[in-house]
Every structure is written in structure tokens, then in C-alpha cells.
Amino acid sequence: MKIATWNVNSLSVRLPQVLDWLAAQPADAPVDVLALQETKTVDEKFPRAEIEAAGYQVQFFGQKTYNGVALLSRTPATDVVRNIPGFADDMARVLCATVDGVRVIGAYFPNGQAPGSDKFAYKMRWLDALREWVRAELAAHPKLVLMGDYNITFDDRDVWDPVGLRETIHCTTEERTHLRALIDLGLHDAYRLFEQPPKSYSWWDYRMLGFQKNRGLRIDHILVSDALKPKVSACTIDRAPRKNPQPSDHAPVLVELG
DNA sequence: ATGCCTCAGCTCCTGAGA
């Protein structure tokens, strides 16, 4: 089972790239589940027909201009949950469903803008609510994947300039403490289960030739539960779509469950 | 300096992203 996450930074702009990317997978190893973030599309305008024509079922949860998430799957998604139950939020950030017996959560974590800002405080509240909800989901569904654009780096290995970016957004101790608290629920950073190339990132700034100079951050993650950890056979970041004309600023992350 | 790109939208500028 191959599961992936990709912040597409507008699905209406990136839909052809998403379909091309899915079609480019090996025939014997298609992507079974794909979580998308920043679709930036209201549900009325969501490109459902195009995605279904590519052989995928799709759940989507969007809003105007910002945020928006979707969950593509080759088999039906059941028990769908939108956003964090009990946490009032006018932003479309979370889609959760069961696919092939795996509880899959795709999430677009808040950016946070700057430490000390109102948006940073919202990010911390959102992370608290997410953690308590995921704790309950894990108890009910031991086979669980939590993936998406976390907007948080785990440690300095995930940062192109850890000195210059010390305690800036995505790199603060407070954010990392919250991320670590998710891990402590019984989740594992699938990417670090394997030896990986140094300076591996999932996002590069559009400006300043960020990608060409590999000035990036690893902020897109796939966390797997204790029960799934022994089944993980690979986890990779696919940089190829970042080289497309008119790319998203994020690259997809993939995990394979044996 | 807080921009450099990119995107959406009450679109010829602004807000937000990260």
C-alpha cells in the first residue's frame, strides 16, 4: 500500500501535475491514497470528475481562497471526518477516513506566521486539539497514518540554515515540542525510519532560487502508528514535481506499507 | 530593508504563504 501527501498550493493550477504524477507511478505500485493540502477551492468547484476519471475516489473539504484539503483513494473511504471534532474552526484543514483498514488523516497544519503572533497562538491551540483527537483515534484505530503539511521541522537536520533560522517560524522550540508530543502518542516519523540523504527537504521558497540552491525545510511529514511501523518498507520525498514548470513550492512525500 | 515568488480575488493591488 502506497500512501502520499502533497501540498499543491492551488489544485486548480496544479491538477494536471497531480494527474500526471499519479499516472507516472509504476503500474505495479500505484499511489493508493493521496492527501492534498492547500487546494484553495470551494467544494462547488472541486475537480471531482477529472480525478474520478483518473481512477480515484475523492473526498474534499475546501473554502474560498485559502486552505482546503482532499483525500484521493483507489478504494472507498469510509467514516469520513472533517476538521477536528469539538474544535471550532472556520478553516478547512483536516480530512480523516478509513481506507483499506487504515485510519488516514490528512492535515494542513496552521502556518503560524511568527512566534508571538495571534496566528502562532492559534497554531498552538490547534495542535493541542489535534493531539487529543488523534489520541482517541489511535485508541479506536491502531493502524493509523497522520500526514500532511505540518509547517514544523523536527530538528536542525530538517533546516537548510539552522543557525540563521533558529527559533523562527517552523523551527521554534515550542512548535517542535508540540510535534514531539504527537510522536509520544505512539507515532513514528516514517522518513527517519530509514537512512536518508543529508539536506533532505520537502519545501523550498519560490524566491531567491530556493530550490536550485536547496535552501529548504522538511515540513511535510508522514507519521505512522506503532502497529504500522513494522510494515513500513520505504519513505521518500519525490523532488521531481518541484522541477516542473509552474511547480508547487512543496514536493510530495510517500510511504510504502509492505 | 522584510523584498525576492506565487496564488486568489471585492483582481491592475493586497494578504498570505513559509
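Chain letters run A, B, ... following the sequence lines, proteins first, then strands; residues in each count from 1.
- Residues passing the ring-ring contact (aromatic ring centres under 6.0 Å, His included) test with A:Tyr66, sequence neighbours excluded: none.
- Pairs passing the salt bridge (charged side-chain N to carboxylate O under 4.0 Å, His left out) check and including a residue from residues 78-103 of chain A, sequence neighbours excluded, read A:Arg103-A:Glu137.
- Between B:dC4 and B:dG9, the distance separating the two C1' atoms is 23 Å to the nearest Å.
- For B:dT2 and B:dT6, the P atoms lie 22 Å apart once the distance is rounded to whole Å.
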Original post:
Reading nucleotides 9-18 of chain B 5' to 3', which nucleotides get B (base under 4.0 Å from a protein heavy atom), which S (sugar-phosphate only), which -?
Top reply: SS-----SBB

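- No engagement by A:Thr168 is indicated, since no non-hydrogen atom pair under 4.0 Å with the nucleic acid exists.
- A:Gln246 has no side-chain polar atom (N or O) that falls below the 4.0 Å cut-off from OP1 or OP2 of B:dC5.
- Listed by first and then second residue, the side-chain hydrogen bond (donor to acceptor under 3.5 Å, both in side chains) pairs that reach into residues 20-33 of chain A are A:Lys2-A:Gln25, A:Trp21-A:Asp238, A:Asp32-A:Arg74, sequence neighbours excluded.
- Side-chain contacts under 4.5 Å among hydrophobic residues (ILVMFWY), followed directly or transitively, place A:Val13 with no other residue at all.
- Spacing of P atoms, B:dC13 relative to B:dA1, comes out at 27 Å, to the nearest Å.
- Side chains of A:Thr153 and A:Arg176: a donor-acceptor N/O pair is present below 3.5 angstrom, by distance only.
- The ring-ring contact (aromatic ring centres under 6.0 Å, His included) check on A:Tyr201 picks up nothing, with sequence neighbours excluded.
- Comparing B:dA16 with B:dC10, their P atoms are spaced 15 Å from each other, to the whole Å.
- Phosphate proximity of B:dT6 to A:Arg14: absent, as no side-chain N or O sits under 4.0 Å from OP1 or OP2.
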